[in-house]
Amino acid sequence: MTEARSVSEADLHAYADGFLDEAARARVERFLAENSQAAEMVADWQAQNEELRAAFAPHEKSKPTDIRLLSMGFARPPAPPQRRFALAAAAAIIFALGAVGGHYGPRLFERPEIRLASTEILPREARNAFLIYASEVRHPVEVFANEETHLATWLGKRLSIANLKVPNLQSLGFKLVGGRLLPVGGKPGALFMYEDNTGQRVTVLVGRNRENRTTSFRFASASDVETFYWIDGELGYAVTGEISRDLLQKIAEECYRQFPS
């Protein structure tokens with residue numbers, strides 16, 4: 001029982017992503033050996049990691065960063081009904097226990113509250129920014145697209161990014177609306193907004209956290225809002241919209257190519 005209480009969902013994610021030391025990995029493996037539902041869910045995460053790694057492999061050569069890919073809910077072929085039921089049951093347990101504990105970012109077992117990692121704060125803030133600003137008609141941004149150079153210089157200075165570029169997404173059917181300064185994790189962040197010819201909008205969030213040291217990619221979903229986010233050194237990026245994951249990933253790939261590393 002003591003062993004079980006020492007394993008959290010964050011531990012399981014770290015295990016699936018290969019971030020644990022030998023002792024912690026052994027502890028999680030002992031837990032997984034006794035909890036088949038959790039073991040199956042971890043195996044599913046690991047498979048998703050491989051799919052994201054394959055999807056972004058063509059772009060790794062252009063970036064000198066050591067890319068470690070993480071995933072949450074990456075689109076993939078449907079699992080068999082029995083497998084989906086087992087995963088759903090395990091997820092239900094995690095979310096139920098997390099709700100009882102009153103902690104954002106569900107836990108597998110009761111333990112002292114875990115401080116949110118920047119990778120968990122980022123999609124939440126990206127979604128909130130999208131919901132607040134994407135629906136604005138008259139004031140969606142502070143600086144509009146006709147001042148793009150000023151926008152990049154201003155936000156780059158506030159985020160201490162000398163060569164910040166505003167991604168060009170016209171090849172994917174989205175034109176720049178503009179951008180604004182906003183807080184991300186209590187520090188200055190940048191939000192760029194785009195829309196297509198139907199008025200559908202997507203946002204691109206950029207934040208800085210000097211504690212970041214790895215590069216990772218994840219999906220996060222909440223209702224109809226999808227977010228694809230990644231950490232690249234000290235910088236975090238998130239693309240958010242009420243669009244398909246396929247299109248969201250294409251936008252994220254384009255932003256990844258254009259943003260400084």
Side-chain angles (χ1 to χ4, degrees), residues 8-11 13-14 17 19 65 68 70-73 95 98-99 101-107 111-136 139-143 150-167 177-194 201-223 225-241 248 251-252 255-256 258-261:
S8 69
E9 191 202 9
D11 294 327
H13 273 294
D17 301 327
F19 291 163
T65 313
R68 298 185 181 185
L70 310 175
S71 64
M72 288 184 68
F95 275 91
H103 173 63
Y104 176 85
R107 293 167 293 175
R111 62 179 301 177
E113 186 168 350
I114 301 171
R115 185 177 179 182
L116 285 177
S118 58
T119 52
E120 305 308 320
I121 293 172
L122 190 63
R124 183 182 65 184
E125 301 228 13
R127 177 178 180 270
N128 289 343
F130 174 83
L131 292 174
I132 291 170
Y133 297 116
S135 60
E136 282 287 332
H139 306 289
V141 295
E142 290 180 280
V143 179
H150 165 63
L151 177 65
T153 302
W154 170 51
L155 293 179
K157 183 176 180 179
R158 293 305 307 269
L159 273 71
S160 300
I161 304 175
N163 57 339
L164 179 64
K165 293 178 60 179
V166 180
V177 175
R180 65 170 57 245
L181 179 72
L182 79 177
V184 178
K187 300 179 178 66
L191 183 74
F192 302 114
M193 185 179 296
Y194 301 82
R201 288 175 170 174
V202 297
T203 57
V204 179
L205 186 74
V206 185
R208 176 178 289 280
N209 187 329
R210 298 186 185 282
E211 297 177 2
N212 295 334
R213 289 296 180 269
T214 61
T215 298
S216 58
F217 296 87
R218 286 187 178 181
F219 271 117
S221 299
S223 299
V225 181
E226 300 279 0
T227 297
F228 188 96
Y229 62 105
W230 67 98
I231 307 298
D232 196 348
E234 293 183 0
L235 298 176
Y237 305 90
V239 180
T240 305
L248 193 73
I251 293 173
C255 290
Y256 180 72
Q258 296 184 38
F259 274 131
S261 177

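Atom set for the values below is all heavy atoms of this structure, side chains included, hydrogens, waters and symmetry mates excluded. Quick caveat, the model's predicted, so the values are computed rather than measured. Position 1 is the first residue of the sequence; numbering continues from there.
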- Partner residues of Thr203 under the side-chain hydrogen bond (donor to acceptor under 3.5 Å, both in side chains) criterion, sequence neighbours left out: none

- Item | Listed partners of Arg180 passing side-chain hydrogen bond (donor to acceptor under 3.5 Å, both in side chains), at least two apart | none

Would you tabulate the side-chain donor-acceptor contacts of residues 181-190 under 3.5 Å, counting partners in other chains and residues two or more places apart, or write 'none'?
none

- Kindly write out the residues that satisfy salt bridge (Lys or Arg N to Asp or Glu O under 4.0 Å) with Arg127, not counting sequence neighbours, or none if the list is empty. none

Please tell me if the side chains of [X] and [Y] come closer than 4.5 Å, counting only heavy atoms from C-beta onward.
{"X": "Tyr194", "Y": "Val166", "result": "yes"}
{"X": "Asp232", "Y": "Phe259", "result": "no"}
{"X": "Arg218", "Y": "Pro123", "result": "no"}

- Note on the structure: The reported gap from CG in Leu235 to CD1 in Ile161 (rounded to nearest 0.5 angstrom) is 4.5 Å

- Query: When rounded to the nearest 0.5 angstrom, what is the spacing between CD in Glu125 and OG1 in Thr240?
  - Reply: 11.5 Å

- The side chain to side chain contact (heavy atoms under 4.5 Å, CB included) partner of Phe192 among Val202, Leu151, Val239, Leu205 is Leu151

For [X] versus [Y], what's the shortest heavy-atom pair and its separation?
{"X": "Ala238", "Y": "Thr227", "answer": "CB-CG2, 4.0 Å"}
{"X": "Phe228", "Y": "Ala252", "answer": "CD2-CB, 3.4 Å"}
{"X": "Leu122", "Y": "Trp230", "answer": "CD2-O, 4.0 Å"}
{"X": "Phe130", "Y": "Arg201", "answer": "CE1-O, 3.4 Å"}

- Query: side chain to side chain contact (heavy atoms under 4.5 Å, CB included) with Val141: which residues, sequence neighbours excluded?
  - Reply: Phe144, Val177, Met193

